[in-house]
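Right, one structure below, let's go through it.
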Amino acid sequence: MIRPATALDVPALHSMIRELAEYEHALHEALATEEQLHRTLFGEQPAVFAHIAEDGAGEPVGFALWFRNFSTWRGTHGIYLEDLYVRPHARGAGHGRALLAELARICTTSGYARLEWSVLNWNEPSIGFYKSLGAEPLDGWTVYRMTGEPLADLARS
């Protein structure tokens, strides 16, 4: 079952985010707290959303965390999938596909033009999964990120 996350899901979301960071060899970068997640997802004006995948016993086994972006060329919003994660013991049961299908439904019913995400180049299992659904890599595009001191330096300039 796929459902929107509730405030009661924050501990499970936090735990799965840390599991994902560990899988991506970046646990040291996973600094978000449960309090931050709660404020971001369930504060006065949430701009980030999450859906939970549950197993047959109602236990959270995966999540999709996303936000709306905007295409100036299309003139419509889209969804940017920040994180998609299914716990290892639950993989292969259709939870990841169901989470993506729910986001695709949100896109189509809301008139959004795109569903986009990034994937690590070494993550062949995920790349294969995404391609099996018809997703295509954006050749010619490179993701850039600015954090830490370079971000602070630019802000001061």
Side-chain angles (χ1 to χ4, degrees), residues 1-120 123-138 141 143 145 147:
M1 179 174 98
I2 305 301
R3 61 174 176 75
T6 69
L8 296 175
D9 293 312
V10 169
L13 274 168
H14 186 257
S15 177
M16 288 188 284
I17 288 167
R18 293 188 56 78
E19 291 170 27
L20 174 60
E22 186 171 24
Y23 173 75
E24 293 182 349
H25 313 293
L27 184 57
H28 63 283
E29 294 181 40
L31 304 178
T33 66
E34 287 185 23
E35 293 78 20
Q36 287 173 312
L37 287 172
H38 190 275
R39 270 194 317 273
T40 301
L41 290 164
F42 305 105
E44 285 186 34
Q45 295 182 331
V48 178
F49 308 93
H51 281 76
I52 298 290
E54 292 182 341
D55 64 13
E59 291 298 314
V61 294
F63 76 96
L65 193 135
W66 58 276
F67 54 89
R68 291 187 312 166
N69 58 12
F70 186 78
S71 168
T72 55
W73 291 9
R74 295 285 189 103
T76 64
H77 284 288
I79 286 178
Y80 186 84
L81 175 61
E82 180 65 25
D83 284 324
L84 176 72
Y85 179 73
V86 175
R87 288 182 158 150
H89 74 274
R91 292 180 186 157
H95 301 294
R97 186 183 197 294
L99 285 162
L100 286 171
E102 179 61 19
L103 298 186
R105 276 189 285 281
I106 293 168
C107 283
T108 58
T109 60
S110 301
Y112 298 167
R114 298 175 176 160
L115 173 57
E116 297 178 313
W117 61 92
S118 297
V119 61
L120 292 166
N123 193 345
E124 289 298 327
S126 293
I127 292 168
F129 168 64
Y130 298 142
K131 285 183 176 180
S132 77
L133 297 175
E136 299 175 354
L138 293 178
W141 290 83
V143 176
R145 177 177 293 159
T147 62

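Residues take their numbers from the sequence shown, with the count starting at 1.
Residue-environment remark: CD (Glu116) exceeds the threshold of 12 foreign heavy atoms within 6.0 Å. Counting heavy-atom neighbours within 6.0 Å of Arg97 CZ, excluding the residue itself, gives a total of 12 or less.
From Ile2, atom CD1 reaches atom NE2 of His95 across 7.5 Å, with rounding to the nearest 0.5 Å. To the nearest 0.5 Å, atom CZ of residue Arg39 and atom CD of residue Glu35 are 7.5 Å apart. Met16 CE to Leu20 CG: the interatomic distance, rounded to the nearest 0.5 Å, is 10.5 Å. In this structure, Leu103 CG and Tyr112 OH are separated by 11.0 Å, a value rounded to the nearest 0.5 Å. For the atom pair NE2 of His14 and CG of Asp9, the computed distance is 14.5 Å after rounding to the nearest 0.5 Å. Separating the CG atom in Leu115 from the CD1 atom in Ile106 is a distance of 9.5 Å, to the nearest 0.5 Å.
At least one side-chain heavy atom of Phe129 sits under 4.5 Å from a side-chain heavy atom of Leu100. Between Val143 and Arg145, every side-chain heavy-atom pair lies at or beyond the 4.5 Å cut-off.
Minimum heavy-atom separation, Ile52 to Leu99: C-CD2, 4.2 Å. Nearest approach of His28 to Leu31, heavy atoms of both residues: O-CD2, 3.6 Å. Nearest approach of Ser15 to Arg87, heavy atoms of both residues: OG-NH2, 3.4 Å. For Tyr23 against Pro125, the heavy-atom pair with the smallest separation is OH-CG, 4.4 Å. Nearest heavy-atom pair across Ser126 and Val119 is CB-CG2, 4.0 Å. Closest approach of Arg114 to Cys107, counting heavy atoms only: O-SG, 3.5 Å.
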Hey, can you pull the donor-acceptor pairs under 3.5 Å for the side chains in residues 74-84, sequence neighbours left out?
{"residue": "Thr76", "atom": "OG1", "partner": "Ala113", "partner atom": "N", "Å": "3.4"}
{"residue": "His77", "atom": "ND1", "partner": "Asn69", "partner atom": "O", "Å": "3.0"}
{"residue": "Tyr80", "atom": "OH", "partner": "Ser118", "partner atom": "N", "Å": "3.4"}
{"residue": "Tyr80", "atom": "OH", "partner": "Ser118", "partner atom": "OG", "Å": "2.8"}

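Considering only residues two or more places apart in sequence or on other chains, Asp55 meets the side chain to side chain contact (heavy atoms under 4.5 Å, CB included) condition with Ala57, Glu59, Val61.
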